[in-house]
Amino acid sequence: QVQLVESGGGLVQAGGSLRLSCATSGLTFSSYSMGWFRQAPGKEREFVALITWGSSTTDYADSVKGRFTISRDNAEKTVYLQMSSLKPDDTAVYYCAAKISSTSYRESRSYGHWGQGTQVTVSS
């Protein structure tokens with residue numbers, strides 16, 4: 001059974017930092033590119049960051065580029081999202097997911113095995 005469990009969310013003031021973790025089990029983690037998405041109330045789920053299976057490539061949404069860093073530890077089967085200089089607009093539920101399709105990595109339909117999400121709230 002595949003499981004993805006996000007953690008590390010919370011309440012932080014604008015300008016602060018958080019580090020999200022996504023621990024996985026039941027899948028050959030090192031074979032999957034992994035993504036982070038987020039969904040704010042009343043909005044569609046949006047792409048945040050991607051890291052390929054071998055960590056050779058990362059990419060970010062323009063809104064987080066330069067502030068967020070995605071990384072992974074294949075031995076620990078965990079993917080991370082370091083978030084700095086947080087803004088109120090970053091408030092959302094953050095999800096990790098394993099990419100299972102060859103379609104665009106910026107599209108949520110390209111991913112399967114989603115976690116349950118972790119809430120990030122940034123106060124102004």
Side-chain angles (χ1 to χ4, degrees):
Q1 182 181 356
V2 176
Q3 285 191 313
L4 283 73
V5 180
E6 300 95 337
S7 61
L11 174 63
V12 63
Q13 288 188 331
S17 299
L18 283 173
R19 188 193 195 204
L20 305 184
S21 299
C22 172
T24 73
S25 60
L27 77 166
T28 308
F29 179 76
S30 59
S31 298
Y32 288 88
S33 295
M34 299 295 296
W36 284 96
F37 284 73
R38 67 186 183 186
Q39 187 165 19
K43 295 187 177 182
E44 293 188 354
R45 191 170 297 188
E46 64 174 359
F47 169 77
V48 174
L50 168 93
I51 186 165
T52 53
W53 62 272
S55 302
S56 60
T57 300
T58 59
D59 197 18
Y60 301 89
D62 288 344
S63 58
V64 307
K65 199 169 291 185
R67 300 188 297 120
F68 290 11
T69 302
I70 188 171
S71 61
R72 66 190 295 160
D73 184 332
N74 284 345
E76 294 295 325
K77 298 184 179 181
T78 300
V79 60
Y80 304 96
L81 187 68
Q82 177 69 47
M83 307 186 296
S84 303
S85 302
L86 283 162
K87 306 174 182 179
D89 284 349
D90 295 319
T91 295
V93 177
Y94 284 72
Y95 301 89
C96 66
K99 190 174 185 297
I100 61 169
S101 170
S102 59
T103 49
S104 171
Y105 61 80
R106 289 179 176 263
E107 298 179 17
S108 59
R109 65 186 176 98
S110 300
Y111 295 78
H113 309 313
W114 293 82
Q116 83 291 345
T118 185
Q119 176 70 48
V120 172
T121 303
V122 184
S123 63
S124 57

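Every value quoted in this text rests on a predicted model; they were computed, and no experiment measured them.
- Across M34 and F29, no two heavy atoms sit closer than the pair CG-CE1, 3.7 Å.
- Shortest non-hydrogen contact noted between V2 and G26 is CG2-O, 3.3 Å.
- At least one donor-acceptor pair under 3.5 Å links the side chain of T91 to the backbone N or O of V122.
- Taking the side chain as every heavy atom from C-beta outward, R72 and I70 never approach each other to under 4.5 Å.
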Does the side chain to side chain contact (heavy atoms under 4.5 Å, CB included) test come out yes or no for Y32 and N74, once each step is laid out? CA-CA 10 Å; Y32 288 88; N74 284 345; over 6 Å; no
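- Sorted by first and then second residue, the salt bridge (charged side-chain N to carboxylate O under 4.0 Å, His left out) pairs involving residues 107-118 (not counting sequence neighbours) are E107-R109.
- Annotation: ring pair (Phe, Tyr, Trp, His ring centres under 6.0 Å) contacts of Y94 (sequence neighbours excluded): none.
- The side-chain contact (heavy atoms from CB on, under 4.5 Å) test applied to S25 returns Q3, not counting sequence neighbours.
- At a threshold of 4.5 Å between non-hydrogen side-chain atoms, the residues W36 and I51 do not count as touching.
- Counted within 6.0 Å of CH2 on W114, heavy atoms from surrounding residues, nucleotides or ligands total more than 12; the atom is thus considered enclosed.
- Scanning for ring pair (Phe, Tyr, Trp, His ring centres under 6.0 Å) contacts around F47 gives F37, Y105, with sequence neighbours left out.
- When all heavy atoms are compared, the tightest approach of S101 to T103 is OG-OG1, 2.9 Å.
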Name each donor-acceptor pair under 3.5 Å that joins a side chain in residues 4-18 to protein atoms two or more places apart or in another chain, with its distance.
| residue | atom | partner | partner atom | Å |
| --- | --- | --- | --- | --- |
| E6 | OE1 | Q116 | N | 3.0 |
| E6 | OE1 | G117 | N | 2.8 |
| E6 | OE2 | C96 | N | 2.8 |
| E6 | OE2 | G117 | N | 3.4 |

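- For the atom pair OG (S33) and CH2 (W53), the distance works out to 9.0 Å, reported to the nearest 0.5 Å.
- Listed for the R38 side chain is no donor-acceptor partner under 3.5 Å among the backbone atoms of V120.
- Note: the hydrophobic cluster containing F68 also contains L20 (ILVMFWY, side chain heavy atoms under 4.5 Å, direct or indirect links).
- Formation of a donor-acceptor pair under 3.5 Å by the T24 side chain with backbone atoms of K77 is found in this model.
- Relative to the ring axis of Y111, R45 does not place its NZ or CZ within 45° and under 6.0 Å from the centre.
- Within 6.0 Å of NZ in K43 there are 12 or fewer heavy atoms belonging to other residues, nucleotides or ligands.
- For residues 39-82, no pair satisfies disulfide bond (SG atoms under 2.5 Å apart), with sequence neighbours left out.
- Looking at every heavy atom in both residues, P88 comes nearest to S124 through CG-CB, 3.9 Å.
- Tracing side-chain contacts under 4.5 Å through hydrophobic residues (I, L, V, M, F, W, Y), one reaches V48 starting from L86; they form part of the same cluster.
- Looking at M83 and V64, their side chains never come closer than 4.5 Å, going by heavy atoms from C-beta outward.
- Taking 4.5 Å as the limit, some side-chain heavy atom of R67 sits within range of a side-chain heavy atom of D90.
- Looking at T78, its side chain does come within 3.5 Å of a backbone N or O of E76 through a donor-acceptor pair.
- At distances below 3.5 Å, not a single donor-acceptor pair connects side-chain atoms of S110 with backbone N or O atoms of K99.
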